[in-house]
Amino acid sequence: MRILIHGTNYSPEKIGIGKYTGEMAEWLAEHGHEVRVVTAPPYYPEWCVSQEHSSWCYHRETKFRVDIWRCPLWVPPKPSGLKRILHLVSFALSSLPIMLWQALWKPDVVLVIEPPLFCAPSAWFVARLSYAKAWLHVQDFEVDAAFDMGILRAPLVRKFALWAERVLMSHFDCVSTISGRMQQRLLDKGVLIEHVQLFPNWVDTEEIFYLSKSVFRDELNIPEGTVVALYSGNMGEKQGLEIVVEAARIFASEASKILFVLCGDGAAKTRMQALASDLSNVLWLPLQPLARLNELLNLGDIHLLPQRADAADLVMPSKLTGMMASGRAILATAHEGTELASVVSSCGIVVAPGNVQVFVKALRQLESDREFRESLGKSARRFAVENLSKESVLLCFEHKLKQLLWK
């Protein structure tokens, strides 16, 4: 098959959508398909284009048998509602001529990744020009999230945005997303049930696995007996990291043996660091190389997965797969009945978002009961191996691509 992929995020971004899109494209190329990607220079989660790339120039490269076109975009140093829109529009406009040119290549499938939904019109149009199938894959419901989280507020804008989203989605031959609850949301938005597919995120269970001890403990001089509560990933607004800082403040006043390690980058990191500037039980780490991801994930005795209440079922956190594969207990914030709560409840503790006292109580339980922590970790690892392995998820996706072409 000839597969054209369109989206802002791609390798070598280490976390989030870029990581999954990159792994998917490389896997497809490795399995004999011709793959082209139209994307932006890497900038996430730092919100800064890496020194090896340019924000303003077009660039073509080939890596792991994948042909990649990188198109200019504007990256705001401090993203806000309007700035985020301009950021996404800049890429949609700059990538349009490259996408139109790809129609001459005659792809069999044009796959566009949301966010950003702004890229969907050009992807759909190129698919129609080249008589290809059009596939929209939703990693986040960005329109819902922008309004539910207060990033955008105007009622008329919301009404228009939801109408436009509904129209766009209805024109795609296939619309997939990463969880069952998000599939239901697609149906609620008017996507026909025969066009909806599940395409979950995955984890390489051979690269991420349980270690009895991480070398990070020695490198960071963490004393024996200290329980590490680890947050690793994007530090954006929807993560709700305030609850982690508030919990750390409570434990600091009790001379607890819990050390909070926060690793990553993002739009909210500076603000979080300021909130925790006086806390000695909080340690900040930069994003780590992928080669050290397994050691990093095994640094934690407890994985922290906070999330704002208004983000429930709009996203399924991509970091969850690695947490589970590392065989560590998870403490998540989610409302009862959400899919995140359903998944985590078998291998961790789920508490209501924003309730710091309940969050602290759950941390105390995990800190004090090592046997309980380890049993939850084993359940997490087992779930990852049985349901989230990279090979099984991508083989299923490849099969669905072939089925789409046969229709």
Answer with yes or no after comparing the ring centroid distance for [X] and [Y] against a 6.0 Å cut-off, counting only values under it.
| X | Y | result |
| --- | --- | --- |
| H137 | F199 | yes |
| H87 | W74 | no |
| F397 | W135 | yes |

**Study point:** Contacts of Q184 that satisfy side chain to side chain donor-acceptor pair (under 3.5 Å) - sequence neighbours left out
**Key:** D188
Exercise for review: Taking side chain to side chain donor-acceptor pair (under 3.5 Å) as the test, write out the residues that go with E398, two or more places apart.
Suggested key: H33
Side-chain ([X]) to main-chain ([Y]) donor-acceptor, under 3.5 angstrom:
| X | Y | value |
| --- | --- | --- |
| S392 | L388 | no |
| S176 | L198 | no |
| E367 | V227 | no |
| H53 | V49 | no |
| D67 | T62 | no |
| E114 | F141 | no |
| T21 | Y10 | no |
| R328 | L230 | no |

**Study point:** Value rounded to 0.5 Å, distance of CE in M323 from CD1 in I208
**Key:** 12.0 Å
Practice item. Quick one: pull up OG1 in T205 and CD in E386 and give me the separation to the nearest 0.5 Å. Key: 11.0 Å
With a 4.0 Å cut-off on N to O distance, would you call [X] and [Y] a salt bridge?
| X | Y | answer |
| --- | --- | --- |
| R364 | D369 | no |
| E30 | R65 | no |
| K63 | E61 | yes |
| K19 | E23 | yes |

Can a donor-acceptor pair be found between the side chains of [X] and [Y] at a distance below 3.5 Å?
| X | Y | result |
| --- | --- | --- |
| N9 | Q139 | no |
| H335 | T338 | no |
| S326 | H303 | yes |
| Y20 | S11 | no |
| T321 | N201 | no |
| S179 | E339 | yes |

For [X], is the [atom1] atom crowded, meaning more than 12 foreign heavy atoms sit under 6.0 Å from it?
| X | atom1 | answer |
| --- | --- | --- |
| Y210 | OH | yes |
| Q273 | CD | yes |
| E194 | CD | yes |

4.5 Å side-chain heavy-atom contact, [X] and [Y]:
| X | Y | answer |
| --- | --- | --- |
| L100 | F125 | yes |
| R166 | V191 | no |
| K319 | S232 | no |

Revision key, fill the gap. Residue pairs passing the salt bridge (charged side-chain N to carboxylate O under 4.0 Å, His left out) test with at least one member in residues 256-277, sequence neighbours excluded, are E237-R271, E242-R271
Review point. Tell me the salt bridge (charged side-chain N to carboxylate O under 4.0 Å, His left out) pairs involving residues 288-299, sequence neighbours left out?
Key: E219-R292
Check your understanding: Could you walk me through whether E391 and W27 pass the side-chain hydrogen bond (donor to acceptor under 3.5 Å, both in side chains) check?
Key -> CA-CA 9 Å; E391 193 68 15; W27 187 94; 3.1 Å; yes
Practice item. In sequence, state the C-alpha distance, the side-chain angles, and the governing distance for R370 and E374, and then conclude on salt bridge (Lys or Arg N to Asp or Glu O under 4.0 Å). Key: CA-CA 6 Å; R370 179 172 180 172; E374 291 180 348; 3.0 Å; yes
Check your understanding: Can you tell which of M24, K133, H6 makes a side chain to side chain contact (heavy atoms under 4.5 Å, CB included) with L111?
Key -> M24
Practice item. Apply ring pair (Phe, Tyr, Trp, His ring centres under 6.0 Å) to F372 and list each qualifying residue two or more places apart in sequence or on a separate chain. Key: none
Practice item. Sequence neighbours left out, what pairs pass side chain to side chain donor-acceptor pair (under 3.5 Å) with at least one residue falling in residues 275-286? Key: R249-D278
